[in-house]
Amino acid sequence: MSRERRKPYPFDQFEPKWQRRWDEWQIFHAPNPDERNFDPAKPKFYILDMFPYPSGSGLHVGHPEGYTATDIVARYKRMRGFNVLHPMGWDAFGLPAEQYAIKTGQHPAITTRENIARFKTQLQRIGFSYDWEREINTTDPRYYKWTQWIFLQLYNSWFNPETRKAEPISTYGGEDRNSVRLAYVADVPVNWCPELGTVLANEEVVDGKSEIGGFAVVRRPMRQWMLRITRFAERLLDELDALDWPEGIKLLQRNWIGRSEGAEVHFRVARAPGLRIEEDRERDAYATIRVFTTRPDTLYGATYIVLSPENPVVDRLTTAADRATVDDYRAQVQSKSDLERTEFAKEKTGVFTGAYAINPVNSERIPIWIADYIFMGYGTGAIMGVPAHDERDLEFAREFDLPVRVVVQAPEGQESIGFVGDGTAINSPIIDGLPTPEGKRKIIAWLEERGLGSKTVNYKLRDWLFSRQRYWGEPFPIVWREGKHEALHESELPLDPPPLDDFKPTGTGEPPLAKAKEWIRYSDQATRETNTMPQWAGSCWYYLRFCDSKNSDRFVGEEAERYWMGNSIAEIGNRKAESKAAIESFQNPESEIRNRPGGVDLYVGGTEHAVLHLLYARFWHKVLFDLGYLSKPEPFQRLVNQGVILGEDGRKMSKRWGNVIDPLDVIADYGADAFRCYEMFMGPLEQMKPWSMTGVEGASRFLARVWRLLMEENQAGEWSLSSAVQEIEPNKAQLKVTHATIRKVTQDIETLSFNTAIAQMMIFVNAFTNAPGKPLSAMCTLLILLNPFAPHITSELWEKLGEKFHDLRGDITAQRWPAHDERLLIEDEVEIALQVNGKVRDRIMVPMTATSAEMEAMALASERVQQLAAGKTILKVVVIPKKVVNVVVS
RNA sequence: GCCGAUGUGGCGAAAUGGCAGACGCAACGGACUUAAAAUCCGUUCUCGCGAAAGCGGGGUAUGGGUUCGAAUCCCAUCAUCGGCACCA
């Protein structure tokens, strides 16, 4: 392939020039309310990209897809008179830099600095209009100081169930504050990878193996920091409804939170010879097993109890005779990896404990088993087995010959054994004959009256395992004294990680920080916590820091937070508000706009963050909101997911397939504007779509046509403003296409339909290509409309126009977005289709003003219609003004 | 297994109850050129009849339904992608 291929237009001569100018003049800086050039009349608009991890391999074409979309909206909104916050930063703590450090000894800070520099160069080469003065980096002490500070807020607060809010720990009246803190320590099973010598996060474990290296991962209990996100489950679920997010993402979060309604039922343990429970009979806690069920109406069908093998109560009730079997089974389960334990289609396993429980409704003695299909982490770690109406219980009962008792009558024609839907209660004296929902209500009431159970809601969401045994993360601002943890004082932040030469994991599960003997020693009696925070910590609140990234007194200034994270004055999408009307409305305290949810107005990123990042960030936001630091309860008002860009072969881009496209290679050949336009022209933003180099060429050709609309080339190959561009009135057709383009592009940017906006601009350019004179007014309009998509070429052409036509003042970015005139779009006549029995048979021109009756008459006068209707009865004529007339005949 | 999204020319797609295939890619033909590239103009869903202009039939994964009219709404099936996966 010839590298010397002639450029269709000289983008290489002006793209770098404009990028330098934008950078030097900081023209995309968004002033904060306390800055001199802040204009209070402008409404705010906060447009956020998911900030990247600056990896060693640089950006790929997937990153800039979302970034280009937001950049278009940002540039458009500025021209619409908004004060636009459009920042960028680096989520820079993380495993790859640390792995690299282990291999080479190069400090992760150095690797990170280099990678950030490369990423920033790449982004600037695409011409994004970020406010670089607000750039942040999660590994910068001035940033992680506040990540640590937020952790202290979590540590020093609790969730008050009465107010349903996070409150300072000082308002907690109980004895043991450590039992309610939002950040707490617990011994929990973690994913331990012996081969890598480290603990892995769930998301780093794929099919029971480490994502990196594919080594076996085992469960092992370790002392960990946890965040009590489960207390917020209800609010995280309820407050999802009002957000303007894709329904699919909301559903993923709902499923992740996993709310289910049911009842807790208390089963007393029966006394039996040889049962250790006998020795503790006055200690009621050991004598009752609480189970969670979503089907309390099937209580009469419970023929056994199953406990999770990890349930601590197992020790207490196992009989001496069964102890060996039970211990053996528990040891077996413990050694199993998650993969082995959840392997589908496998047979149920379990053992009998020798103990029995009493069913509260019928006083029946039923055996207590343990089995690994019951998890300690959900509900109470105990269930009642109702084999007739639960698939898993049925499998278990068949495996171990336990009785199956039908208590729900299935609808006609369905087998009652194994029926899990709603039916009618039978063999259940208290609720016989009741449909399932009523049966549930009645039996719960019966249990509650007698203190044998209660209505309960359970969530699948678990508390968040927040510590990692790694070097390259935020150290916890915690010290240990005589086995007890205590928080550092705010004034001791930031707490920097220790300098280390050896980043290797210790192999024992002890974090690498433990090797820094000096650093660990806090005082004679106290030592520092050696775990570090996960990568999510920095990304949980970065959008807040962008509002006021240089503030050294606070994580975000109050005024800046109120302004940027407060109400959206105008919204992208269906509802749009002209800024003047919006401001008036905003000033009225009763207005609907003023009472909008607020937050980031548009957040664009990939679906891979559908649950974790987006859930964690909402959780932190709510805690900080409850504590009075923030003005709105939700961080991200509108969320849009961009689709994945596949390789040219239709496969996922990866080194393995050799189909990775480097944006800088594309830009070298076709320029940044063509790259941007192609990415937006490929198809709908949300859709997955394959890359096509010939498609890029098409976008490049389009821009070259725009270039030649205004520029001409002399013999020497030098370009200058075309003499065809003149201050002439556009003709009627030109005026019409101009205004149709204004309307279409404006609407399409609002709905993020960039592909069709570009198609319309292509139509515009095609319409003007062969015009002998190019009316200046129409050319100016095109340049402004195209500017958000192709900022370099339009800036250059605008400047060229300005040299000749002195009325054009200032840079193109300072221009107002044009408004279309609906009157210019109105045609005198319109072509309509004539259908007979729904098939198009003719087309005629009718005046725009034609009434339905007139259209009908014209349709019936058509020769073709008369031919086809000859000898038949006209049953009906349907007239759709300006579109179609359908004549129905028999 | 459960939940969700998607399915339209050779390709990316447009049209979300009213003329299917806008716009672009690719292909083919023409103009310009000594020639090529670039550029400009034109053709291209499919089948039948016709020398042609044209006329007619079919067509939006498959099968049904609602409607004067369906790519669009409803039901079922299939395929692809994504998420969850013994959550009681």
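A note on names: the letters A, B, ... follow the listed sequences, proteins ahead of strands, and every chain is numbered from 1. Just so it is clear, the model here is predicted, and its values are computed rather than measured.
The side chain of A:F375 approaches B:A88 more closely than any other nucleotide in the set B:A88, B:G12, B:C3. In the set B:G56, B:A26, B:A13, B:G56 carries the atom at the smallest distance from any side-chain atom of A:R864. The listed nucleotides are B:A13, B:A88, B:C84; the one nearest the side chain of A:K689 is B:A13. With distances taken from any side-chain atom of A:R841 to the nucleotides B:G18, B:G57, B:C68, the minimum falls on B:G57. For A:D390, the side-chain atoms get nearest to B:A88 when compared with the rest of B:C41, B:A88, B:G18. With B:A88, B:C68, B:A26 as the choices, the nucleotide that has an atom nearest any side-chain atom of A:T294 turns out to be B:A88. Closest contact between the side chain of A:T756 and the listed nucleotides B:A15, B:G12, B:C40 involves B:A15. The A:L252 side chain lies nearest to B:G83 when the options are B:A88, B:G83, B:C25. Closest to the side chain of A:I763, out of B:G12, B:A22, B:C41, is B:A22. Of the candidates B:G58, B:C40, B:G24, the closest approach to any side-chain atom of A:K839 belongs to B:G58.
Between the side chain of A:Q866 and the main chain of A:L860, a donor-acceptor pair closer than 3.5 Å is present. The closest donor-acceptor contact from the side chain of A:E679 to the backbone of A:E65 lies under 3.5 Å. Between the side chain of A:R295 and the backbone N or O of A:V420 there is at least one donor-acceptor pair closer than 3.5 Å.
Nucleotide B:A76 forms a Watson-Crick or G-U wobble pair with B:U62, both donor-acceptor distances falling under 3.5 Å. Nucleotide B:A31 is matched to B:U39 when pairs are restricted to Watson-Crick or G-U wobble geometry with both distances under 3.5 angstrom. Using the Watson-Crick or G-U wobble rule with both distances under 3.5 Å, B:C55 pairs with B:G48. Across all strands shown, nothing is found opposite B:A71 as a Watson-Crick or G-U wobble partner with both distances under 3.5 Å. Within the shown strands, nothing qualifies as a pairing partner of B:G17 under the Watson-Crick or G-U definition with both distances less than 3.5 Å. If you check B:G24 for Watson-Crick or wobble pairing at under 3.5 angstrom, you find it paired to B:C11. The nucleotide B:G82 finds its pairing partner in B:C3, both defining distances of the Watson-Crick or G-U wobble pair being shorter than 3.5 Å.
Residue contacts for A:S260: at a heavy-atom cut-off of 4.0 Å it reaches the sugar-phosphate backbone alone, with no base atom in range. Within 4.0 Å of A:G698, counting heavy atoms only, lie sugar-phosphate atoms of the nucleic acid but no base atom. Counting non-hydrogen atoms under 4.0 angstrom, A:V888 reaches the backbone sugars and phosphates but no base. Using a 4.0 Å heavy-atom cutoff across all strands shown, A:M688 reaches sugar-phosphate atoms only and no base atom. Contact annotation for A:E831: base contact, defined as any heavy-atom pair under 4.0 Å involving a base atom.
Comparing the same atom, C1', in B:U60 and in B:A22 gives a spacing of 15 Å after rounding to whole Å. Nucleotides B:U44 and B:G54 have their P atoms positioned 11 Å apart, rounded to a whole Å. Taking atom P in both B:U46 and B:A53, one finds a spacing of 16 Å when rounded to whole Å. Taking atom C1' on both B:G24 and B:C81, the two are 25 Å apart, rounded to the nearest angstrom. Only the P atoms considered, B:G63 is 26 Å distant from B:C49, to the nearest whole Å. Comparing B:C41 with B:C23, their P atoms are spaced 12 Å from each other, to the whole Å. One P atom belongs to B:C28, the other to B:U33, and the distance between them is 23 Å to the nearest Å. A distance of about 15 Å separates the C1' atoms of B:C45 and B:A13, rounded to the whole Å.
Aromatic rings of A:W691 and A:Y678 (six-membered ring for Trp) have centroids within the 6.0 Å cut-off, being under it.
Here A:E399 does not pair with A:K348 in a salt bridge; the nearest charged N to carboxylate O distance is not below 4.0 Å. Of the charged side-chain nitrogens involved, at least one lies within less than 4.0 Å of a carboxylate oxygen, so that A:D241 and A:R254 count as a salt-bridged pair.
Using cut-offs of 30° and 60° on the angle between ring planes, the pair A:F396 and A:Y373 is tilted. Ring geometry, A:F400 versus A:W369: the interplanar angle falls from 30° to 60°, so the pair is classed tilted. Ring orientation note: the planes of A:F292 and A:Y378 are nearly perpendicular, at an angle over 60° on the 30°/60° scale.
The interatomic distance linking A:F702 (CZ) with B:A13 (P) rounds to 20 Å, in whole Å. A:L307 has its CG atom 17 Å from the P atom of B:A88, to the nearest Å. The distance from atom NZ of A:K250 to atom P of B:A5 is 14 Å, rounded to the nearest whole Å. Atom C1' of nucleotide B:A70 and atom CD1 of A:I880 are separated by 14 Å, given to the nearest angstrom. In this entry the distance linking CD1 of A:I249 with P of B:C3 reads 18 Å, nearest Å. Rounding to whole angstrom units, CE of residue A:M855 and C1' of B:G18 are separated by 11 Å. Rounded to whole Å, atom C1' of B:U39 lies 17 Å from atom CH2 of A:W707. Note: CH2 (A:W256) to P (B:G83) measures 11 Å, nearest angstrom.
Using a 4.0 Å cut-off, some side-chain N or O of A:R705 falls inside it from OP1 or OP2 of B:C40. Proximity of A:N770 to the phosphate of B:C41: a side-chain N or O atom is located under 4.0 Å from OP1 or OP2. Within the structure, a side-chain polar atom (N or O) of A:N766 is placed less than 4.0 Å from OP1 or OP2 of B:G24. Residue A:Q687 has a polar side-chain atom (N or O) positioned under 4.0 Å from OP1 or OP2 of B:A13. OP1 or OP2 of B:C25 sits under 4.0 Å from a side-chain N or O of A:R701. OP1 or OP2 of B:A14 sits under 4.0 Å from a side-chain N or O of A:N755.
For the 3.5 Å distance criterion, the side chains of A:S260 and A:N458 fail to qualify, holding no donor opposite an acceptor.
With RNA chain B read from its 5' end, the first of the two nearest nucleotides for A:G683 and A:K882 is the one closest to A:G683. Comparing A:G379 and A:S692 by the nucleotide of RNA chain B that holds the closest heavy atom to each, the one mapping nearer the 5' end is A:S692.
B:G69 takes the anti form, because its glycosidic angle lies more than 90° either side of 0.
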